[in-house]
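Everything below concerns the one structure shown next.
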Amino acid sequence: MAKTRFVETHEELSVLAAEKIFSCIQQKPDAVVCLAGGDTPLRTFDIFIEKTKHHSVDLSKITFVGLDEWIGLDGFDKGSCRNTLDEYLFSPLNVKENQIIFFDGKAESTEGECNRIRNAINRLGGLDFILLGIGENGHLGFNEPDVPVDELVHIVTLDNITRESARKYFSSPVNVSKGITLGMKLILSTKEIVTIASGESKAPIVDQIINGPVTHKVPASLLNNLEIAEFIFDKTAASKNFV
Ligand SMILES: N[C@@H]1[C@@H](O)[C@H](O)[C@@H](COP(=O)(O)O)O[C@@H]1O
């Protein structure tokens, strides 16, 4: 069974999540780490950056892997997953390009891009740590409800809730209908998984994850079966279950 922690605030959630990433890289200075984009982890990144600077941690052997990207966008597009990670994590930490494995959502061949990322992660022996957010529909990365769970890396047609929520990341309208993402098979085989959710908009899906069945209709619920997985929910996201 996964562990579930309830904390009062987004700040507490961020401190805990940052500690998890920090402890992983301290134990394994050449860890392969995947950190989701989105809004929820941004404060986690700040705290992680402060900690690494405070302790003068050498991150030069860490590999950072991207979780997902909107098809049609790349790191130069403000609001893309890569652009967010560049701004909030990679640039402040001075991470070198050869330490980053990230999807190019503008690649000529999307299947080729899936293969490139799949092979790169395979060569590294898989992921040591992943920090995930949860979509309002329960998605992880871009693994939408009902996606096949036996994929390592794949292209997904985004559902309406995801397209709708995309608006918060972009200052002008973007037409995104597909995403490229690490698949559930790869995510679930990660050695340590931390999943965070904050905000009232996540309360209904968090309630389903806590009280509903483990089902591929709610991809995040699949984490419930894993010992190495931990959920951290703040009071706003877990309002129906806060203890
Ligand atoms: N595809 C991304 C996910 O990688 C992210 O973790 C999730 C939650 O995002 P947020 O933290 O902004 O709520 O949805 C987005 O659509």
Side-chain angles (χ1 to χ4, degrees), residues 10-11 13-14 16-18 20-21 33-48 64-75 77-89 101-103 105 117 127 129-145 147 151 153-171 174-184 186-188 190 193-206 208-209 218-223 229-234 236-238:
H10 179 253
E11 182 66 13
L13 171 154
S14 306
L16 277 179
K20 294 276 170 191
I21 311 168
V33 170
C34 175
L35 305 174
D39 290 338
T40 316
L42 298 183
R43 180 67 187 135
T44 301
F45 296 159
D46 284 346
I47 298 167
F48 175 70
F64 292 91
V65 176
L67 173 64
D68 52 7
E69 188 57 277
W70 310 91
I71 295 282
L73 304 183
D74 66 14
D77 294 300
K78 184 98 186 132
S80 69
C81 301
R82 173 64 197 259
N83 188 277
T84 303
L85 269 291
D86 277 347
E87 183 175 348
Y88 290 93
L89 193 75
I101 295 172
F102 218 105
F103 293 112
I117 298 293
L127 304 178
F129 182 96
I130 192 164
L131 178 70
L132 297 165
I134 304 175
E136 285 171 32
N137 58 3
H139 75 204
L140 296 176
F142 280 133
N143 293 286
E144 302 282 38
V147 289
E151 292 281 357
V153 180
H154 63 149
I155 310 293
V156 178
T157 298
L158 303 175
D159 78 17
N160 288 339
I161 298 176
T162 303
R163 286 188 219 188
E164 202 42 45
S165 67
R167 296 212 298 216
K168 70 177 176 167
Y169 305 119
F170 305 103
S171 48
V174 288
N175 189 13
V176 282
S177 60
K178 288 187 173 191
I180 183 166
T181 183
L182 303 188
M184 290 308 298
L186 209 154
I187 290 174
L188 297 177
T190 304
I193 305 174
V194 175
T195 306
I196 53 178
S198 172
E200 280 164 30
S201 66
K202 304 288 171 70
I205 199 70
V206 165
Q208 280 193 54
I209 294 165
V218 181
S221 73
L222 298 171
L223 299 168
E230 179 167 354
F231 291 103
I232 309 174
F233 299 132
D234 75 6
T236 55

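Counting convention: from 1, in listed order, for ligands and their atoms alike.
Ion pair R82/D86 flagged as a salt bridge, since at least one NZ, NE, NH1 or NH2 atom sits closer than 4.0 Å to an Asp/Glu carboxylate oxygen. Remark: K202 does not engage E136 in a salt bridge, criterion side-chain N to carboxylate O under 4.0 Å.
Looking at T40 next to ligand 1, an N or O pair under 3.5 Å apart turns up. The shortest N or O to N or O distance between G141 and ligand 1 is under 3.5 Å. Looking at K202 next to ligand 1, an N or O pair under 3.5 Å apart turns up.
The protein heavy atom nearest to atom 2 (C) of ligand 1 is D68 OD2, 3.5 Å. What sits closest to atom 12 (O) of ligand 1 on the protein, heavy atoms only, is Y169 OH, 2.5 Å. For atom 5 (C) of ligand 1, the nearest protein heavy atom (residue, atom name, distance) is G37 O, 4.2 Å.
Taking the side-chain hydrogen bond (donor to acceptor under 3.5 Å, both in side chains) definition, one finds that S165 meets it with nothing, sequence neighbours left out. Contacts of K78 classified as side-chain hydrogen bond (donor to acceptor under 3.5 Å, both in side chains), with partners at least two apart in sequence or in another chain: E87.
One finds the CG atom of L127 at 6.0 Å from the SG atom of C34 (value rounded to the nearest 0.5 Å).
At a heavy-atom distance under 4.0 Å, only side-chain atoms of L67, from C-beta outward, approach ligand 1.
The shell of residues lying under 4.0 angstrom from ligand 1, judged by heavy atoms, excludes E136.
Of the possible polar contacts, none joining the E200 side chain to the T236 backbone as a donor-acceptor pair under 3.5 Å is found.
Closest heavy-atom approach to atom 15 (C) of ligand 1 within the set H139, E144, R163: this belongs to H139.
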